[in-house]
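One structure is given below, encoded as structure tokens.
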2 protein chains.
Amino acid sequence: MLQLTKRTEYGLIALVHIAERGAVDSGAFVSAREICDRYPIPRRLVAEVLKALQKHSLVESQRGATGGYALSRRPEAITLGQIVAALEGAPPLTSCESPIVLKGGGCEVQPLCPIRSPVHRVREQLWGLLEHTTLESLLPQPSGARARTSPTLS
Amino acid sequence: MLQLTKRTEYGLIALVHIAERGAVDSGAFVSAREICDRYPIPRRLVAEVLKALQKHSLVESQRGATGGYALSRRPEAITLGQIVAALEGAPPLTSCESPIVLKGGGCEVQPLCPIRSPVHRVREQLWGLLEHTTLESLLPQPSGARARTSPTLS
DNA sequence: TCCAAATAGCACCAAATCGGTGCGGTATCG
DNA sequence: CGATACCGCACCGATTTGGTGCTATTTGGA
């Protein structure tokens, strides 16, 4: 499916929320509870997602009573591609997209597969798009650049 | 998953093959058997996929002994977006991508969802990419070596 | 000091989707 | 007639997804 999973959506929401709270690099920590209090996301899921993001060094975690999560980089240094790769596995671009072989041929021989090469081109453009979209660009314009109504979550 | 299904890949292969054979608009018909003789695709699957493509008016079918499938339009008038939409359902762009609601809020109220609007933007770009990629551009350079898909959208 | 809050880790589950198949029916050409 | 080829339905197993239970561990604060 050409669709983001719920995990990724939850991750995006969590990251946007953390970014809005200004929790960057141990400056402050946002708890999973705060996130799922605000949005109807199961607490367990948000924890699982954040854990995955932490493993990919996108967020840092702090245990204990006042613990939580914080971005490990500034929002403009985090890309959608990194988030998706962290939550949905390595980009399928690397693995042979269409392991189609001619009868008797091998997929290794590129000229035999009619669509592998062009589809790879498309996939690369797609990931390029994701890589050029930063977390910051997903934030609801904090400094009033655009006239979008701020959610005013806090 | 941000990945095309096997069905879509099979569909692309079938369409590319049909296009290469010059079967356009009842000019000639390519049988499913010919396709799966050439590529290791289960005959049943290719038939199912072609049927779906036919329902979406991307190919036409002819029953009988010398029957088969033909493109209903020229390859440059068929886009990747149309193919994907036919084989993986309506573009998820229309349905609310992240049905996230604030506690007590509704997803209908757009300003409340922090990521819906930005994610929609990204999705639109993505589909724009697919819509600008024609079946012709997926062909292995028939004559004019214009293997472009869409020019720099970022 | 002790408890509450919070993350970490593991196993587990139900439902949906995906890839693929069986079987019979119908149309068409030779 | 009969071979070829599309059509339609139901069905199956495997994988993925979305989600939960429970417990351990860490940490701050009353």
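Labels below follow one simple rule: chain letters A, B, ... track the order of the sequence lines, proteins then strands, and each chain is numbered from 1. All values below were derived from every heavy atom in this structure, side-chain atoms included, with hydrogens, water molecules and symmetry-related copies excluded.
Every residue meeting the side chain to side chain donor-acceptor pair (under 3.5 Å) condition with T79(A), not counting sequence neighbours, appears here in chain and number order: E131(A). Among residues two or more places apart in sequence or in another chain, the salt bridge (Lys or Arg N to Asp or Glu O under 4.0 Å) test is passed with D37(A) by R33(A). Residues passing the side-chain contact (heavy atoms from CB on, under 4.5 Å) test with E34(B) are H17(B), R21(B), V30(B), S31(B), sequence neighbours excluded.
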Dump the pairs, protein N or O against N or O of nucleotides 8-17 of chain C, anything under 3.5 Å, distances to one decimal.
{"residue": "dA8(C)", "atom": "OP1", "partner": "Q54(A)", "partner atom": "NE2", "Å": "3.4"}
{"residue": "dA8(C)", "atom": "OP1", "partner": "S61(A)", "partner atom": "OG", "Å": "2.6"}
{"residue": "dA8(C)", "atom": "OP2", "partner": "Y69(A)", "partner atom": "OH", "Å": "3.2"}
{"residue": "dG9(C)", "atom": "O6", "partner": "R44(A)", "partner atom": "NH1", "Å": "3.1"}

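For the atom pair CD of Q82(B) and CG of L53(B), the computed distance is 10.5 Å after rounding to the nearest 0.5 Å.
Remark: of the listed residues K6(B), R7(B), K55(B), R43(B), R7(B) is the sole one forming a salt bridge (Lys or Arg N to Asp or Glu O under 4.0 Å) with E48(B). Of the residues T8(B), T5(B), L126(B), the one that meets the side-chain contact (heavy atoms from CB on, under 4.5 Å) test with L2(A) is L126(B).
In the set dG19(C), dG19(D), dA5(C), dG19(C) carries the atom at the smallest distance from any side-chain atom of R7(B). Ranking dG20(C), dG28(D), dC6(D) by closeness to the L45(B) side chain, first place goes to dG20(C). Set against dG19(D), dT4(D), dA5(D), the side chain of S31(B) has dA5(D) as its closest nucleotide. Nearest to the side-chain atoms of T5(A) among the listed nucleotides dG19(D), dA6(C), dT17(D) stands dT17(D). Considering only side-chain atoms of T66(B), the nucleotide from dC29(C), dT21(C), dA6(C) that sits closest is dC29(C).
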Without placing hydrogens or testing angles, list every side-chain donor-acceptor pair under 3.5 Å for residues 57-70 of chain A, not counting sequence neighbours.
{"residue": "E60(A)", "atom": "OE1", "partner": "S26(A)", "partner atom": "OG", "Å": "3.2"}
{"residue": "S61(A)", "atom": "OG", "partner": "Q54(A)", "partner atom": "NE2", "Å": "2.8"}

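Contact annotation: the side chain of V84(A) approaches that of W127(A) to within less than 4.5 Å [non-hydrogen atoms, C-beta and beyond].
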Given Watson-Crick and G-U pairs under 3.5 Å, DNA chain D in dot-bracket ([ ] crossing, | other strand) is ||||||||||||||||||||||||||||||
